[in-house]
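Here is how names work: the chains are called A, B, and so on, in the same order as the sequence lines, proteins then strands, and each is numbered from 1.
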Amino acid sequence: MEEEVYYELYGEHISLGELAVSTAISTVFAMLFFHIAPQIAQLTGVQPGGLSITLGAIGATVGFAISSLITRVKRVVAEV
Amino acid sequence: MDPITLVLVLALSALSTILYIFIGILPGTDETATMAPIALTLLLAGVDPLLVLAWFMASIAAFKMADSIPVALAGIPGGVMAVPQVPDALVAKERGLADTILRKGIAASVVGQVVALAVTLSLSYYIMPAGEWLRTADVVLGVRVARWFWLVLAGLIVLALTSRSKFVALVSIPSLALLIQGLRSVYGKPIFISLFLGITIGPMIFELLSMLHRDLRQAFTRRGMKEVKLVKIGRISLNPVKILSKDELAHSTLWSAVTSVLATVMSPVGLTILIGDLLREGSRDRTRGAVLAYTVRDAIKNATYVGGTLVPLLVIGVPTGPMSAGPAGPFFQKLESLGMTPRDYIVKNYDYVTIAAALLLATGISFLIAYPILVKYSRKITLAVFRRIPAEALYGLFIAIVLMLSYYDARVPGIFGTLVVSLISGALWKLGVSLGVLFMTLVAAPTLVSLLSALPL
C-alpha cells in the first residue's frame, strides 16, 4: 500500500487539507464569538473591547478542541 | 500587594504553567508565535498588565523547562530555543544518558531563571536613573530622536551582522521600515498589532504558501507518518541539589548572570549557541562536554528570556533587543484601553517591591508546579502529547488568534496588512535574516524613516 503524502512544517508532518479545515473551524468560532461579544457586553454592562478579545480567544480554543477530535495525529511513537 | 492581586498572580501563573508545559513539549511551537499572541490577547482583554507580566514570567519558566524534554527523549526540539541542544542530546543519548540530560536540563532551567531574576531585578533597581536619560530626545537633522533609538540602532546593526545573511539583513532594515511606515500611513493610524503579528507568523505563512507552489512543494513533501523514537528513562530524584555537579552549577550560575544582562540587546538563541558551543569545545571529553553544554544551554534559555524582558521593561521603557521587541513586544506598545503602554502602566501603578514580588511569586509557583510534574511524568506527558494533539489543530488555533487580533487592530485591511508583512518577513527569514532584526526594525521604523527622509541627499 502506498504511503500518504504529507508536508513538513516545523519538523511536523501535516496535511494541508486538514490544516485548512482546522484553521477555518478555529477562525469561524473566534470571529463568531468576537462579534457576539458586544451584545453580551450590552446585556452584562462590561467593556465590549476586552470582552470581544476574550470571547474570540475562547472561540478559537473551542475550534482547537473540535479540530483535535476530527484531525488525525501524524506521528508514530516507538518506545525504544 | 493586596490579597486579590496576590491570588490572581498565583492563579494566572499556575494556569500559564500548565498551558505552557504542553505547548513547550509540542514540537514546532515557536516561542514568539505562541507567547506573544496570548500575552497580547490578555492585555487587550483588559487583564491588569502586572498580572499579564506574571503570566508571562510563569510561561517562560514552564516553556523553557518543557521544550528540552522532547530533545532529551526523542531528539526533537520543543521550540526554537531548544534547537541548539539537539547535537548535545544526540551525543548523550549514544552513551545512554537520556535521563541524565533530562534531569540536568530541568534543574538548570530553575537555576537560570532564579539567577536571572536576582541579577536583573537588582541591577535594574540601581540603573533605573539611566532610563530617564535614555528617554530624553535630541534634535537630529530636524527630527526629535530619543537617545534609546541609538541603542536600538546599534543593536540592530550588530544583530544584522550576526545574521546568516549579513548583507540582506542590513539592506532589509530601511526597506522594512519603509514598508511598515507606508502601511501605517495607508491605515491613517500608528497600528502595531497586525504588523507585529505579521512578523511573528512570517516563517510559518511563508512555508505554507511555498507548499502551494508547484515547484517549491517538492522540498516539503514527506511520505507517511512522522516516526518518533522515545527512549526509556529510569527513576529521577526530586531533589534538584543532587542533580547538578559543582561544575555544572557554577557554569549555569555564571553564564545565566552574564547572558541575562547581554540579552538586553543580544539574541537569546545566539547567546545559547555561543556559550554552549564554547563550553562543549572547551572540554576534552566529548560526552562530558555535550552534557555540560546541554545543561548550561537550558539555564541560558531561561536567563536570556527573563533578562531580555526585564531590563528594557524596568529600566529603559522601550524594547532594545530581540526578546523585548519579539515575545515580550506586547508590553511595550500603547494600548487604547490603557492610554499608555502596559510597561508604563506597571511602572506608574506599582512600586518596585510589588513588581519584584509578583515576578518572584510567578516564578516560584511555576517551578513548584512544573518541576515535580516534569521530573516525575515527563515521559508520560510527552507520549500523551505526541499521540493525541495533531499539529494541524494547534497551528490552526494560532492562525485563528492572529487573524482575530489583526481584524481587531485594523479590520479587514489589518488582515491583509498582516499577510503582506508575514510574506516579506518570512522571505527575509528564509534568506537568512534573523527575526530579531525584523522585530527591532518595527520598533525603530518611525524614527528611522523620519531620519532617512531628512537626509540632505
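- Rounded to the nearest 0.5 Å, atoms NE2 (H13(A)) and CE (M225(B)) are 10.5 Å apart.
- Remark: side-chain polar atoms of R75(A) are paired, donor with acceptor, to backbone N or O of F386(B) under 3.5 angstrom.
- If you measure heavy-atom distances from E4(A) to chain B, the contacts under 4.5 Å come from the backbone alone.
- For T221(B), the parts lying near chain A are the backbone and the side chain together; criterion is any non-hydrogen pair under 4.5 Å.
- For a residue to count as touching a neighbouring chain, one of its non-hydrogen atoms must lie under 4.5 Å from one of that chain's; by this rule L405(B) touches chain A with the side chain only.
- Comparing T41(B), V402(B), L42(B) by how many heavy-atom pairs each has under 4.5 Å with chain A, the most go to T41(B).
- How far OH of Y7(A) is from CE of M211(B): 8.5 Å, rounded to the nearest 0.5 Å.
- The closest side-chain heavy-atom distance from R222(B) to V5(A) is not below 4.5 Å.
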Anything under 3.5 Å between a donor and an acceptor, one on a side chain of residues 45-53 of chain B, the other on a protein residue two or more places apart or in another chain? List them.
residue, atom, partner, partner atom, Å
D48(B), OD1, L50(B), N, 2.8
D48(B), OD1, Y350(B), OH, 3.3
D48(B), OD2, Y350(B), OH, 2.5

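- One finds the CG atom of L394(B) at 11.0 Å from the OG1 atom of T71(A) (value rounded to the nearest 0.5 Å).
- Counting only distance, with no hydrogens or angles, the side chain of E392(B) and the backbone of S15(A) share a donor-acceptor pair below 3.5 Å.
- Contacts of L16(A) with chain B are made by side-chain atoms alone, with heavy-atom separations under 4.5 Å and no backbone atom involved.
- Of the two parts of R388(B), only the backbone, made up of N, CA, C and O, holds a non-hydrogen atom closer than 4.5 Å to a non-hydrogen atom of chain A.
- Counting heavy-atom pairs closer than 4.5 Å to chain B, the top residue among G56(A), A65(A), A30(A) is G56(A).
- Taking chain B as the reference chain and counting heavy-atom pairs below 4.5 Å, the highest number among A57(A), S68(A), S67(A), A20(A) is found for S68(A).
- A distance of 10.5 Å separates CD1 of I401(B) from CZ of F64(A), quoted to the nearest 0.5 Å.
- For the residue pair T23(A) and G396(B), the shortest heavy atom distance occurs at OG1-CA, 3.5 Å.
- In the displayed structure, Q42(A) atom CD is contacted under 6.0 Å by at most 12 heavy atoms of other residues, nucleotides or ligands.
- With chain A as the partner, the residue from L73(B), L43(B), L383(B), T382(B) showing the most heavy-atom pairs under 4.5 Å is L383(B).
- Ranked by non-hydrogen atom pairs under 4.5 Å with chain A, the options P203(B), A393(B), A400(B) are led by A393(B).
- Here the straight-line distance linking atom CG of L19(A) with atom CD1 of I399(B) works out to 5.0 Å at 0.5 Å rounding.
- A heavy-atom distance below 4.5 Å is not found between the side chains of V73(A) and R387(B).
- Atom OG1 in T27(A) sits 13.5 Å away from atom OH in Y407(B) (nearest 0.5 Å).
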